[in-house]
Amino acid sequence: MGPGAHELIGPEAKKLGFRRTLVMTTGLRGSDTVHKIVESLKYHGLEVVLYDKVESNPKDYNVMDAVALYQENACDSFVSIGGGSAHDACKGARISVAHDGRNVNDFEGFNKSENPKNPPHIAVSTTAGTGSETSWAYVITDTTTDPDNPHKYVAFDDAAVASLAIDDPTLYYDCPLDYTAQCGFDVLAHASEPYVSRLDFQPSLGNALHAIRLTARHLRQAVWNGQDLAGREGMMYAQYIAAQAFNSGGLGIIHSISHAVSAFYDTHHGLNNAIALPRVWAFNMPTHYERFADIAEAMGVDTHGMTKVKAAEAALAAGIRLLRDVGIPEKFTDVRQDTYSKNRLGQGPTKFYERAKEIAGDAADVDRITHHVLGDACTPGNAKECTFDTVRPVVEHCMTGDLDDLLG
């Protein structure tokens, strides 16, 4: 971890026994990051096969295309370069390879893999968001089971953890400002959800709270002064620490809503988390006023003289203020094809995504998203019990509601 860490990838790959490695990435349009790392691997004597077609919200066919390429070229290892999409697709490919190329969708759920030994994997992060480089989770969109209803699922598997994570904040400098902001709210979701999770796993709480503190301190700086090392490095550590928190402390319906919306609309995971986060905080707050009061303090609010309820409400206000300060859309129906640089509305390669050119936000849309939320693996950890009747108004507010309504 730290500036220059990516320069160690060649020696570390050799140490891990890499000989012919499959590099998985989105291509990182507009940067030379992939080229630099590939050339570094070659300089240290490794053979490199490149798969650079991983999509945002990686699809099952991305994973299986990479598996086929790995097998055809007799590779022995993986390197993923990018954010959660590259890392998650790579984790899924490793699990598939370890099971003779079985479809990645067979491994949805908790520890579904049967072979604990899979190829070694170095994960090189270029964003500060998902923490996938250090977590046991990977998220894939199943496009084949029901092509008219894509299903985005989470797989949690001990065997999916990367062999080595490389977090170098200098690789984040090329990250667009809107993407930086959205990824930062993925961090805030990763940190806040385990802090109030019904798992209430004590060893996760310190990491969760510190990641909130780091995000509140550094995200604005990372977005609006992206070449500033302190801001980028602060978010790098926030990403890593928040992922450690949810590894053991669990998540909730911020993520479940995000997964559902990106399943149907292919919108960015961090953006979805940002829009869902204030609504879910408000939904969960009655169960954990004291914990939300702690969150307020971590976000820099002076809570002296406040009751726990008032301090909790101040946390919500601080979250909304941060969202607005970094320029994120406030509801899903505000998201259009030209809203942000990574938007894929109407651009997906399947017929389903070609039709999804704008977010409907109508009653039928709210219903199908709510049903997806209730089936998500993150939902059982949510602080407040979730039923169709309790969650549907939250989803509806994410679609069309005004954030000021939450502030009272």
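Numbering of residues begins at 1 and proceeds along the displayed sequence. Computed from a predicted structure; not experimentally measured.
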Would you say the side-chain atoms of [X] and [Y] include a donor-acceptor pair closer than 3.5 Å?
X	Y	value
Thr143	Asp60	yes
His190	Asp186	yes
His87	Ser80	yes
Gln244	Thr134	yes
His99	Glu114	no
Asn105	Tyr153	yes
Asn272	Thr267	yes
Gln337	Glu358	no
Asn207	Ser204	no
Asp178	Thr180	no
Lys152	Ser262	yes

Main chain of [Y], side chain of [X]: is a donor-acceptor contact present, judged purely on distance under 3.5 Å?
X	Y	answer
Ser113	Ile95	no
Tyr70	Ser77	yes
Thr390	Cys386	no
Glu133	Ala165	no
Asn73	Cys75	no
Lys112	Asp157	no
Asn111	Asp158	yes
Arg232	Gly226	yes
Ser125	Asp167	no

Review point. Between His372 and His151, does the ring centroid distance fall short of 6.0 Å?
Key: yes
**Study point:** Close aromatic pair by centroid cut-off 6.0 Å: Tyr179 and His268
**Key:** yes
Check your understanding: Measuring from Ile275:CD1 to His397:NE2, what's the distance to the nearest 0.5 Å?
Key -> 12.5 Å
Taking the basic N atoms (NZ, or NE/NH1/NH2) and the acidic carboxylate oxygens, is any pair closer than 4.0 Å for [X] and [Y]?
X	Y	value
Asp76	Arg19	yes
Glu47	Lys42	no
Glu297	Arg213	no

Review point. Any side-chain heavy-atom pair from Lys357 and Leu345 closer than 4.5 angstrom?
Key: no
Check your understanding: Under 30°, 30 to 60°, or over 60°: which ring-plane class applies to Phe246 and His255, parallel, tilted or perpendicular?
Key -> tilted
**Study point:** Inter- and intrachain pairs under ring pair (Phe, Tyr, Trp, His ring centres under 6.0 Å), touching residues 14-43, at least two apart
**Key:** none
Check your understanding: Honestly, is Arg291 close enough over Tyr195, meaning NZ or CZ under 6.0 Å from the six-membered ring centre and within 45° of the axis?
Key -> yes
Exercise for review: Would you verify whether the NZ or CZ of Arg368 falls within 45 degrees of the ring axis of Phe264 while also being under 6.0 Å from that six-membered ring's centre?
Suggested key: yes
